[in-house]
Protein chains: 2
Amino acid sequence: MRRQQLIDATLSSVAELGLKATTINSISKRANLSSGIISHYFGCKNGLIEASVRYLLSSLKTELLSSVEDSASSQQRLMLIVEANFSVVQKNAHVTKTWLSFWAESMHDEQLHRLQSVNAKRLYTNLLYSFKALMPKQKAIQAANYSAAMIDGLWLRAVLSKADEFEFSKAEELAKQYVNSLLPSH
Amino acid sequence: MRRQQLIDATLSSVAELGLKATTINSISKRANLSSGIISHYFGCKNGLIEASVRYLLSSLKTELLSSVEDSASSQQRLMLIVEANFSVVQKNAHVTKTWLSFWAESMHDEQLHRLQSVNAKRLYTNLLYSFKALMPKQKAIQAANYSAAMIDGLWLRAVLSKADEFEFSKAEELAKQYVNSLLPSH
DNA sequence: TTTTATTGATTGAACGTTCAATATAAAAAA
DNA sequence: TTTTTTATATTGAACGTTCAATCAATAAAA
């Protein structure tokens with residue numbers, strides 16, 4: 001319970017102030033707790049940061065699993081993958097900035113980089129699995145690579161331009177159209 | 001001369017340590033200069049950071065202008081735009097990490113965000129200009145949007161996966177193929 | 001001589017971590 | 001049930017470190 005409280009406060013602080021300006025104090029103040037409690041539950045500040053990233057990643061995974069399991073067609077599954085990658089964000093608009101901060105930091109933090117790497121590969125693997133059911137393997141590999149890049153690219157440009165919710169859903173729509181355009185029926 | 005020396009040292013430090021861990025000392029040590037000299041030439045640390053971003057952006061602009069001016073066809077021009085966006089990086093492999101750091105920070109720094117915004121729009125505008133010469137305006141707008149996202153997406157995924165030079169040029173090749181696939185001849 | 005460039009020690013603020021002290025809850029004993 | 005003991009949760013002040021910024025002193029150039 002306290003752990004979740006602190007993780008929420010961390011995400012909020014990173015979203016508002018950035019990772020650089022997020023301190024033990026900015027976090028504990030938001031959680032209405034003392035500064036010492038962080039080391040009690042997470043060992044050190046970095047432990048809390050990593051736990052927060054893990055929480056974001058598992059949210060994305062849960063989002064995907066809960067929606068995909070009962071979907072029939074491969075095409076529907078592809079649409080749900082796109083939706084999941086945009087929706088974690090739409091629920092909490094400020095979380096987008098947080099992702100970007102963590103991604104940048106992952107270039108200089110071994111632990112974070114492993115987490116980010118798992119996430120990037122999961123998007124690719126999920127896409128590949130569905131494409132494979134719809135086209136030859138070689139074509140599917142290319143489609144998965146392009147789709148992953150397009151999803152990330154549209155997402156990134158929306159975040160960087162500080163897009164509002166409407167522009168975000170427009171980016172999501174573009175991503176879906178692109179994935180659809182790769183299907184054999186087109 | 002001192003200014004450029006300090007900018008180079010800043011880019012090197014941000015690439016190696018990240019923006020968070022880059023300090024007045026880590027910069028001045030790399031430049032073999034004293035710590036005080038930074039405020040003399042740039043006012044404060046942030047002034048130097050911004051000057052470094054400006055330098056990166058102007059490098060990209062120069063790269064583009066110098067190669068594009070004497071190119072004839074619109075298709076060639078599109079390929080050169082893609083190349084320019086990947087090449088700034090290939091010259092100095094470590095600069096990629098720097099871009100990502102600055103992008104993340106731009107979410108919480110008004111000045112940096114304006115610079116980043118100019119850059120994002122320039123990519124779009126350049127693409128749009130060339131696409132317009134090859135197809136109806138409405139189609140060109142869509143092509144430019146998709147191409148910008150694909151270029152950024154392929155670039156981002158290459159950076160985050162710590163791709164080597166070979167994988168980077170493969171990403172560049174994919175970007176070119178995608179842009180080509182949007183042309184009417186296909 | 002006057003101006004400009006450069007140094008590096010100094011300063012005070014802010015940081016993450018530690019830890020003795022206190023509060024709360026749970027378990028054991030009366 | 002009440003009392004005592006033990007374990008856990010939580011606080012916030014104190015500590016040592018690191019940071020950006022400042023500035024008097026020195027060197028170089030004009």
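Computed from a predicted model, the values in this text were never measured in an experiment.
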Sugar-phosphate only, base, or nothing, as touched by A:S26 at under 4.0 Å among non-hydrogen atoms: nothing

For atom NZ of B:K45 and atom P of D:dT22, their distance in whole Å: 15 Å

Interatomic distance, B:N32 CG vs C:dT6 P [rounded to whole Å]: 13 Å

Interatomic distance where CG belongs to A:N46 and P belongs to C:dC15 [whole Å]: 16 Å

B:N25 CG - C:dT7 P separation (whole Å): 13 Å

Sugar-phosphate only, base, or nothing, as touched by B:T23 at under 4.0 Å among non-hydrogen atoms: sugar-phosphate

Closest to side chain of A:S35, choosing from C:dG8, D:dG12, D:dA20: D:dG12

Sugar-phosphate only, base, or nothing, as touched by A:L33 at under 4.0 Å among non-hydrogen atoms: sugar-phosphate

Polar side chain donor-acceptor pair, A:T22 to A:S13, under 3.5 angstrom: yes

Between C:dT6 (P) and B:I27 (CD1): distance, integer Å: 17 Å

Near-ring test A:W103/B:W99, centroid separation under 6.0 angstrom: no

Nucleotide C:dT7, atom P - distance to CD of B:Q5 in whole Å: 9 Å

Gap between atoms CZ and P, on B:F42 and D:dA21 respectively (whole Å): 13 Å

Whole-Å distance separating the CE atom of A:M1 from the P atom of D:dA9: 12 Å

Candidates D:dA21, D:dT10, C:dA5 - which lies nearest the side chain of B:H40: C:dA5

5′-ward residue of the pair A:G43/B:I37 relative to DNA chain C: B:I37

A:R2 vs D:dT10: side-chain N/O to OP1/OP2 distance below 4.0 Å: yes

N/O donor-acceptor pair under 3.5 Å between B:S52 side chain and B:L48 backbone: yes

Transitive ILVMFWY side-chain link B:I151 to B:Y124, under 4.5 Å: no

Proximal nucleotide (of D:dG12, C:dT6, C:dT17) relative to the B:S34 side chain: C:dT6

Short side-chain donor-acceptor distance under 3.5 Å, A:E83 and A:S67: no

